[in-house]
Each structure stands twice: as structure tokens, then as C-alpha cells.
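Take a look at the structure below.
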Amino acid sequence: MRVRILLVIVLILSVIGLSCWILFVHNENQYTSQITIKQIPGVLRTIDLPDMPQEWELESIKKYDDGFISPIVIVSYKNGVTVRLTSSASFTFTHEFVKQKPPQRWKQRVDYYRSDDSIAYVFTLNRLTYAFSAPIHLQAEIDKMMNNMLKLG
């Protein structure tokens with residue numbers, strides 16, 4: 001009898017756990033939607049369009065807004081560069097990158113991450129946090145673009 005009760009409890013907890021995982025962890029697409037470039041200031045609650053690379057061809061612009069954290073705008077370019085923008089004070093790359101010492105080219109704080117085939121930079125500009133990730137072969141191009149954005153090039 002005890003074994004049956006224990007099995008029923010384990011089964012109920014498993015169903016509840018699986019349901020919560022599907023609703024809150026696995027199904028992030030319910031919080032992601034396509035937007036236009038003109039909608040970015042509204043999503044980030046800014047007046048003007050943020051500084052972004054203009055020389056690359058856009059692939060997509062999405063917003064992620066789960067109602068709990070600050071909304072994130074994800075701008076993907078056809079060359080493999082992704083820019084994440086948020087009004088939150090911080091953004092980190094955790095599982096796919098290793099944080100390294102940043103290049104000393106810029107006066108303001110820039111976090112630098114690297115993996116075997118990608119690079120990422122995180123910095124704050126005009127009260128927005130920018131997180132750039134790109135294939136490693138584009139590092140010189142990303143550095144040049146960041147020099148222009150950070151007015152140090």
C-alpha cells in the first residue's frame with residue numbers, strides 16, 4: 001500500500017514538474033516576436049533608435065519580453081553577427097563563452113568573451129546594454145564598428 005501511494009505521489013510530482021518546465025522554461029517562443037526597426041525604441045522605452053551597425057544586411061529583429069525582466073531586442077545580421085539590446089544594467093554570456101580580459105582600446109568598461117569559433121562584447125552606451133556576438137573571423141570588423149560606436153576610432 002505504501003509503495004502505491006509513493007508511486008502516485010512521484011507520478012503527480014513528475015507531471016507537475018514537466019508541466020512547469022514546458023510552460024516556464026522550454027516554451028520561450030511564446031515571449032518572442034518579430035518587430036520592425038521602427039519599433040525598437042518603443043520596446044526598449046527610449047526616445048531614439050539605438051546606435052547599431054548600418055553597413056550590414058539585416059536578417060531579423062525580434063523582441064523577447066516575458067514580463068519579468070527588461071525586454072531584450074535581438075538584431076540578427078546575415079553575416080552572422082547578433083546584437084542584443086536591453087535597458088537592463090547587465091547582460092552576460094554564460095554557457096557558450098569564456099570571459100577573458102578585454103582589449104584595452106576603450107576608456108569605458110567592455111566585457112569580452114570568447115569561444116572556439118565566436119567572440120562577444122558587452123558594454124553600456126546611452127543607458128542601453130549592448131551584447132554583440134559574432135564569428136571569430138569578423139573580430140577586426142567588430143572592433144572597427146565598436147571604435148566608431150564608442151567614439152574612439
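All residue numbers in this chain count up from 1 along the given sequence.
- Legend: residues meeting side-chain hydrogen bond (donor to acceptor under 3.5 Å, both in side chains) with Q54, ordered by chain and number and at least two apart, are absent.
- Residues P50 and L85 have side chains in contact (heavy-atom distance under 4.5 Å, counting atoms from C-beta outward).
- Note that the OH atom of Y121 and the OH atom of Y113 stand 13.0 Å from one another [nearest 0.5 Å].
- Annotation: side chain of T82 is not in contact with side chain of F132 (no heavy-atom distance under 4.5 Å).
- A salt bridge links E57 to K78: one of the charged nitrogens lies within less than 4.0 Å of a carboxylate oxygen.
- Side-chain atoms of V110 and M146, non-hydrogen and from C-beta on, do get closer than 4.5 Å to each other.
- For the pair P71/V43, a side-chain contact is recorded, criterion being any heavy-atom separation below 4.5 Å from C-beta on.
- Within the model, atoms CD1 of I74 and OG of S60 stand 8.5 Å from one another, a figure rounded to the nearest 0.5 Å.
- Under a 3.5 Å cut-off, the side chain of S115 and the backbone N or O of S118 do form a donor-acceptor pair.
- With contacts defined as side-chain heavy-atom distances shorter than 4.5 Å, the pair L58/I37 qualifies.
- Atom CG of D111 sits about 10.0 Å away from atom OG1 of T129, to the nearest 0.5 Å.
- Side chain of E141 to backbone of L138: no donor-acceptor contact under 3.5 angstrom is found.
- A distance of 10.0 Å separates OG in S70 from CG in L128, rounded to the nearest 0.5 Å.
- Contact check for K63 versus L44: no side-chain heavy atoms found under the 4.5 Å cut-off.
- Taking CD1 from I40 and CG from D48, the interatomic distance works out to 12.5 Å, rounded to the nearest 0.5 Å.
- Put simply, CZ on R84 and NZ on K62 are 10.5 Å apart, with the number rounded to the nearest 0.5 Å.
- Here the side chains of D117 and H137 are not in contact, with every heavy-atom distance at 4.5 Å or above.
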request  = List the steps and the verdict of side-chain contact (heavy atoms from CB on, under 4.5 Å) for E59 and N79.
outcome  = CA-CA 9 Å; E59 184 173 304; N79 63 357; over 6 Å; no
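- Residues T36 and I61 form no side-chain contact, since every pair of their non-hydrogen atoms from C-beta on lies 4.5 Å or further apart.
- Within the 3.5 Å criterion, the main-chain N or O of Y64 finds no donor-acceptor partner in the side chain of T32.
- Between the side chain of Y130 and the backbone N or O of M52, no donor-acceptor pair lies under 3.5 Å.
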